[in-house]
A.B. asks: 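One structure, pasted below without further comment.
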Amino acid sequence: MAIGLLVLLFVGYQLFGTNLIEARNQGTLKAEFQQQLTEARPAVSPPGALGTTALVPPPGPGDPVGRMEIPRIGVDHILVEGVSVEALKRGPGHYPDTPLPGRSGNVGIAGHRTTYGAPFYRLDELEVGDPVVVTTAEGRFPMR
């Protein structure tokens with residue numbers, strides 16, 4: 001009976017407790033990301049250039065990278081740098097070996113489907129052409 005109770009408690013923690021942890025982490029990350037947006041300063045563009053770019057230091061492991069929105073499946077999460085177990089407990093993670101959102105190339109993002117907020121639980125419901133937008137201190141970027 002004790003073993004059955006322990007298994008039940010463990011399953012409850014995995015399904016519900018990890019969601020609470022991720023929600024708390026996302027709250028902290030949202031505040032950190034908002035601070036990043038506030039501190040990002042536009043760089044002076046060379047004469048004749050269109051627009052400006054933000055001077056943003058590269059993110060460290062576990063730091064916020066941007067805000068990812070996927071309306072069809074209800075995703076609105078702060079991305080973190082890295083895909084380690086600890087990083088993914090905070091939210092979806094950016095693969096460090098891939099370009100950052102908004103840069104040239106394919107961006108790699110990992111996330112949980114069943115625990116820690118399950119940001120990608122409904123990923124299979126996406127259809128070609130559904131908007132996926134990542135906002136960073138450098139701008140707002142629709143992913144294709």
A.B. asks: Return yes when atom CD1 of I3 has more than 12 non-hydrogen atoms of other residues, nucleotides or ligands closer than 6.0 Å, and no otherwise.
C.D. replies: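 No, the 6.0 Å shell around CD1 holds no more than 12 heavy atoms from other groups.
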A.B. asks: If you compare all heavy atoms of P92 against all heavy atoms of L88, which two are closest, and at what distance to 0.1 Å?
C.D. replies: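 In terms of heavy atoms, the two residues are closest at C-CD2, 4.2 Å.
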A.B. asks: If you compare all heavy atoms of A110 against all heavy atoms of V83, which two are closest, and at what distance to 0.1 Å?
C.D. replies: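 Nearest heavy atoms, A110 then V83: CB-CG1, 3.8 Å.
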A.B. asks: Show the nearest heavy-atom pair for residues P99 and S104, with the distance to one decimal.
C.D. replies: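 Looks like CG-O, 3.3 Å.
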A.B. asks: So how far is it from M143 CE to N106 CG, rounded to the nearest 0.5 Å?
C.D. replies: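 M143 CE to N106 CG: 10.5 Å, rounded to 0.5 Å.
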A.B. asks: Taking only residues two or more places apart in sequence, or in another chain, which ones meet N19 in a side-chain hydrogen bond (donor to acceptor under 3.5 Å, both in side chains)?
C.D. replies: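 N19 satisfies side-chain hydrogen bond (donor to acceptor under 3.5 Å, both in side chains) with no other residue.
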A.B. asks: Rounded to the nearest 0.5 Å, how far does CZ of R67 lie from CD of Q36?
C.D. replies: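 Answer rounded to 0.5 Å: 14.0 Å.
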A.B. asks: Using side-chain heavy atoms (C-beta onward) and a distance below 4.5 Å, is L100 in contact with P59?
C.D. replies: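 The answer is yes, as the side chains (C-beta and beyond) meet within the 4.5 Å cut-off.
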A.B. asks: Going through the distances and angles, do R113 and D124 end up as a salt bridge (Lys or Arg N to Asp or Glu O under 4.0 Å)?
C.D. replies: CA-CA 10 Å; R113 287 190 72 146; D124 58 318; 3.4 Å; yes
A.B. asks: Among residues two or more places apart or on two chains, list those pairs meeting ring-ring contact (aromatic ring centres under 6.0 Å, His included) that have a residue in residues 4-30.
C.D. replies: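 Every candidate ring-ring contact (aromatic ring centres under 6.0 Å, His included) pair involving residues 4-30 fails, so no pair, neighbours aside, qualifies.
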A.B. asks: For residues V107 and I70: do they belong to one hydrophobic cluster (side chain heavy atoms under 4.5 Å, members Ile, Leu, Val, Met, Phe, Trp, Tyr)?
C.D. replies: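 In one cluster: yes.
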A.B. asks: Tell me the side-chain hydrogen bond (donor to acceptor under 3.5 Å, both in side chains) pairs involving residues 77-92, sequence neighbours left out?
C.D. replies: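 The answer is E22-H77, E81-H94, E86-K89.
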A.B. asks: Distance from I109 atom CD1 to T98 atom OG1, nearest 0.5 Å?
C.D. replies: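 The CD1 atom of I109 sits 7.5 Å away from the OG1 atom of T98.
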A.B. asks: Using only atom types and a distance under 3.5 Å, with no angle test, would you say the side chain of E138 pairs donor to acceptor with the backbone of G102?
C.D. replies: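 Between the backbone of G102 and the side chain of E138 there is no qualifying donor-acceptor contact (under 3.5 Å).
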A.B. asks: Is there a side-chain contact between L123 and I73 (heavy atoms, below 4.5 Å)?
C.D. replies: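 Yes; the side chains approach each other to less than 4.5 Å.
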A.B. asks: Say you draw a straight line from OG1 of T114 to CD of Q14; how long is it, rounded to the nearest 0.5 Å?
C.D. replies: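 Between atom OG1 of T114 and atom CD of Q14 there are 8.0 Å.
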A.B. asks: Indicate yes or no for a side-chain donor-acceptor contact from R72 to the backbone of V132 under 3.5 Å, with no hydrogens or angles considered.
C.D. replies: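 No; judged by distance alone, with no hydrogens or angles, the pair does not exist.
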A.B. asks: How far does OG1 of T135 sit from CE of M68, to the nearest 0.5 angstrom?
C.D. replies: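 So the gap between those two atoms works out to 11.0 Å.
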A.B. asks: Using 0.5 Å steps for rounding, measure from the CD1 atom of I78 to the OG1 atom of T28.
C.D. replies: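 Answer for the CD1-OG1 pair, I78 versus T28, is 11.0 Å.
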A.B. asks: So which heavy atom on P131 is nearest to which on P71, and how close?
C.D. replies: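 Reported closest heavy-atom pair: O-CD, 3.5 Å.
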A.B. asks: Tell me, which pairs form a ring-ring contact (aromatic ring centres under 6.0 Å, His included) where one or both residues lie in residues 111-144, sequence neighbours left out?
C.D. replies: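 Passing the test, one end in residues 111-144: H112-Y116.
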A.B. asks: Q26 versus K30: any side-chain heavy-atom pair under 4.5 Å?
C.D. replies: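 SC-SC contact between Q26 and K30 confirmed.
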A.B. asks: Taking all non-hydrogen atoms of both residues into account, name the closest pair between V134 and P101 and its distance.
C.D. replies: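 Closest pair (atom of V134, atom of P101, distance): CG1-CB, 3.6 Å.
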A.B. asks: Got a sec, which residues hit side-chain contact (heavy atoms from CB on, under 4.5 Å) with A23, two or more places apart in sequence or on another chain?
C.D. replies: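 Scan of A23 (side-chain contact (heavy atoms from CB on, under 4.5 Å), adjacent residues dropped) gives none.
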A.B. asks: Under the side chain to side chain contact (heavy atoms under 4.5 Å, CB included) test against L79, which residue among V65, T136, L29 passes?
C.D. replies: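 Passing option: V65.
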A.B. asks: Which Ile, Leu, Val, Met, Phe, Trp or Tyr residues join L5 in one cluster when any pair of side-chain heavy atoms under 4.5 Å counts as a link?
C.D. replies: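 ILVMFWY cluster around L5 also holds L9.
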